[in-house]
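Take a look at the structure set out below.
Heavy atoms only: backbone and side chains are in, while hydrogens, waters and symmetry mates are out. Note on naming: letters A, B, ... go to the chains in the order of the sequence lines (proteins, then strands), and numbering restarts at 1 for each one.
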Protein chains: 2
Amino acid sequence: MSTTFPEGARIARSVLSDETYGVIRDLVLEHRIAPGSRVNIDSLSAELGVSPTPVREALARLESDGLVVKVPLRGYSTTPLLTVREFVELTQFRVLIEQWTAAQASASISPETTAALRAELAAGRATTGAREAGPDAFRALTDHDARFHALIAKSAGNDLIAQSFERTHFHLHFLRLYLASHSTDADGDADHRRLNAVLEEYDRSGQVSRTIDNHAAIAEAIIVGDADGASQLMREHIEFSRVRFLPVVEMIASLG
Amino acid sequence: MSTTFPEGARIARSVLSDETYGVIRDLVLEHRIAPGSRVNIDSLSAELGVSPTPVREALARLESDGLVVKVPLRGYSTTPLLTVREFVELTQFRVLIEQWTAAQASASISPETTAALRAELAAGRATTGAREAGPDAFRALTDHDARFHALIAKSAGNDLIAQSFERTHFHLHFLRLYLASHSTDADGDADHRRLNAVLEEYDRSGQVSRTIDNHAAIAEAIIVGDADGASQLMREHIEFSRVRFLPVVEMIASLG
DNA sequence: TTGGTCATGATCCTATTGGATATTTCATTT
DNA sequence: AAATGAAATATCCAATAGGATCATGACCAA
């Protein structure tokens, strides 16, 4: 008997293959299944209380999403954590796309978009109320961050580009990295001590309030229709995120 | 050193679900299954001589590719042809991404990339040998076009962006549109007569040689490292394609 | 002893078959 | 003509048999 997953992971049977898809997706994204590890179809189906068939279909879709990889006749594995190179490439992609979405959103600003941006900013500020650091705070921050950037992407008026941007799941990849870094046992190992030092530096560097301030500035530029300003601020925002987070990624890569 | 065989040397075992994925994909792209029509799993599995299970898995992957859509408990349908709006959005996306890839490829030009570009140009010129118009010529042109643009995307040095670009399958969508327009019966209908007029104008407008000339100019700019020039030429190339093809898209949309 | 090869068993992916459930269609009734 | 119900159709899931891969360990040769 392997009660690996919590009871909440069980499925309310309605449209089983879709439900299964969502559950497995969350299991991967939330690190319940470790990055780079094998995914056993039989175990998973037994764990979720369904037959292998919907699990198979769910995994096929997850492969197209880039969350698992399939080796024929050998099964599925979750994709490994982002490498440093992939992290840099993802940041490049974000700069390219989001400079454009910010400018476009500015050019076609509407009262509805303005209201939505202000509401999301308020939600973001609410997360800073509790000033603690660590996984929970980081999760709340990335949730807000994901919603904020997705909102701008949708406001740019090009659904295709918005979809292409959202399907990178950049915030989920960052969350996976961060969770992985915090879940490493903090024993006396010199590597782990250095990682913890990097993490504490990251957590304490005022990242949360800094991010919210950046968002506020970007939103204001968009609302007043300052396309060039919004574009420039967006670029700086992403670059800042890259500079702050890169040491964490490098440490993780050197450990793994 | 272990002189292991390259990846391709691995024996291609019969993995039925992968095989059916490719077959169904071609069926949809080549219009053997009409756009917007239902896809019957039982009929398909009987047609292909396999059981419904691999067909189901293949369809799940195709949904992530955007070629079919699933309605729970009602089955799958092929996605309709591109709307005018989607065509415009796709062009916007291409301009945004490909200006960047062209510039980046110029900035990091290598002898290998130079050779590959020249080879692809030669292949493109070979397609213009037969000066006929119509579906076959258009197919040869889009095949070359897809390879040329994918080559530049890969040469930009960012795999993530290259993948994101290639997964739009823009050339396949264009091919579907073109094939759909040519497959409509040329009866006495006034709409069809107008469509045929638009198509003949398109086929006769020197699109083939014009495209190859554009490609040659872009390749030359990349090879000599002229990032700004390559970026600008790429933009004009895509805009030209948009202007020439848009009337066809509009006619199709007005008919469907 | 050391190194490599080969057989054997376990594990897991893969695919078919059959049945349960939802939807659609069509005939019947009001 | 509209509504209701029942048969037909198709999706959807489960159970199971069939194969491939990997791991373990024994055997043989150097």
Side-chain angles (χ1 to χ4, degrees), chain A residues 1-2 4-5 9-25 27-28 32-34 36-65 67-79, chain B residues 1-25 27-28 33-34 36-64 67-79:
Chain A
M1 182 188 83
S2 57
T4 311
F5 304 129
R10 276 208 144 71
I11 290 177
R13 312 178 49 144
S14 57
V15 187
L16 215 42
S17 79
D18 289 344
E19 289 290 329
T20 308
Y21 168 77
V23 171
I24 299 178
R25 181 170 171 275
L27 287 176
V28 175
R32 307 303 307 256
I33 304 175
S37 64
R38 299 282 294 271
V39 177
N40 187 302
I41 292 181
D42 286 337
S43 306
L44 244 185
S45 63
E47 204 72 46
L48 301 177
V50 301
S51 78
T53 302
V55 174
R56 239 171 103 72
E57 185 170 340
L59 288 174
R61 292 168 63 182
L62 286 171
E63 190 187 20
S64 291
D65 289 346
L67 288 179
V68 301
V69 292
K70 171 188 176 183
V71 179
L73 301 179
R74 285 194 48 188
Y76 291 89
S77 306
T78 55
T79 53
Chain B
M1 166 182 172
S2 64
T3 60
T4 130
F5 291 107
E7 201 65 30
R10 191 184 182 95
I11 296 178
R13 296 281 183 206
S14 67
V15 182
L16 214 44
S17 75
D18 289 345
E19 198 72 23
T20 53
Y21 169 77
V23 171
I24 299 177
R25 182 169 170 274
L27 285 177
V28 175
I33 304 175
S37 64
R38 297 282 293 270
V39 178
N40 187 305
I41 292 181
D42 284 338
S43 306
L44 244 185
S45 62
E47 190 84 25
L48 301 177
V50 301
S51 77
T53 302
V55 174
R56 271 174 71 78
E57 185 170 343
L59 288 173
R61 293 169 61 182
L62 287 171
E63 190 186 21
S64 292
L67 287 178
V68 302
V69 291
K70 172 187 176 184
V71 179
L73 301 179
R74 286 194 48 186
Y76 291 89
S77 306
T78 55
T79 52

Nucleotide C:dA15, atom P - distance to CG of A:Asp42 in whole Å: 15 Å
Partner set under side chain to side chain donor-acceptor pair (under 3.5 Å) for B:Glu63, not counting sequence neighbours: none
Overall bend - the helix from C:dT1-D:dA30 to C:dT30-D:dA1, comparing terminal axes fitted on five pairs, nearest 10 degrees: 10°
With sequence neighbours excluded, residues passing side chain to side chain donor-acceptor pair (under 3.5 Å) with A:Ser64: none
Step-by-step salt bridge (Lys or Arg N to Asp or Glu O under 4.0 Å) determination, B:Asp18 to B:Arg61: CA-CA 10 Å; B:Asp18 289 345; B:Arg61 293 169 61 182; 2.8 Å; yes
C:dT14 OP1/OP2 closer than 4.0 Å to side-chain N/O of A:Arg56: yes
Upstream residue (5' side of DNA chain D) when B:Val39 and A:Pro54 are each assigned their closest nucleotide: B:Val39
Distance (rounded to the nearest 0.5 Å) between A:Thr20 OG1 and A:Leu44 CG: 9.5 Å
Protein-nucleotide distance (B:Leu48, atom CG; C:dA15, atom C1'), rounded to Å: 14 Å
Pick out the pairs of N or O atoms, protein on one side and nucleotides 17-19 of chain D on the other, that lie under 3.5 Å.
none

Under 3.5 Å: donor-acceptor pair, side chain of B:Thr78, backbone of B:Val28: no
Smallest separation among heavy atoms of A:Ser37 and A:Ala34, with atom names: OG-O, 2.6 Å
Verdict with supporting geometry, A:Ser17 and A:Arg56, side-chain contact (heavy atoms from CB on, under 4.5 Å): CA-CA 9 Å; A:Ser17 79; A:Arg56 239 171 103 72; over 6 Å; no
Separation of C:dT14 P from B:Leu16 CG (nearest whole Å): 11 Å
Over all atoms of both residues, closest heavy-atom pair of A:Glu57 and B:Tyr76: OE2-OH, 3.2 Å
Whole angstrom value for the distance that separates C1' of D:dT11 from CD of B:Glu57: 17 Å
Whole-Å distance separating the CG atom of A:Leu59 from the P atom of C:dC12: 15 Å
B:Leu73 CG to C:dA22 C1', straight-line distance once rounded to whole Å: 6 Å
Are any protein N/O atoms closer than 3.5 Å to N/O atoms in nucleotides 17-20 of chain C? If there are, list each pair with its distance.
none

Phosphate OP1/OP2 of C:dC13: any A:Asn40 side-chain N/O under 4.0 Å: yes
Nucleotide D:dA15, atom P - distance to CD1 of A:Ile41 in whole Å: 16 Å
Touch class at under 4.0 angstrom, heavy-atom based, for B:Val55 against every strand present: nothing
Verdict with reasoning, B:Arg25 to B:Leu62, per side-chain contact (heavy atoms from CB on, under 4.5 Å): CA-CA 7 Å; B:Arg25 182 169 170 274; B:Leu62 287 171; 3.9 Å; yes
B:Ser77 side-chain N/O to B:Val69 backbone N/O, donor-acceptor pair under 3.5 Å: no
Partners passing side chain to side chain donor-acceptor pair (under 3.5 Å) against A:Ser43 (at least two apart in sequence or in another chain): A:Asn40
Tabulated below should be each protein N or O lying under 3.5 Å from an N or O of nucleotides 24-26 of chain C; please produce it.
| unit_1 | atom_1 | unit_2 | atom_2 | d |
| --- | --- | --- | --- | --- |
| C:dT24 | OP1 | B:Arg74 | NE | 2.9 |
| C:dT24 | OP1 | B:Arg74 | NH1 | 3.3 |

A:Leu67 backbone acceptor or donor facing A:Thr79 side chain under 3.5 Å: yes
For residues 45-55 of chain B, run the donor-acceptor check on the side chains, cut-off 3.5 Å, and write out each pair with its distance to 0.1 Å, sequence neighbours left out.
| unit_1 | atom_1 | unit_2 | atom_2 | d |
| --- | --- | --- | --- | --- |
| B:Ser45 | OG | B:Ile41 | O | 3.2 |
| B:Ser45 | OG | B:Asp42 | O | 2.8 |

Rounded distance (Å) that lies between atom P of D:dT11 and atom CG of A:Asp18: 15 Å
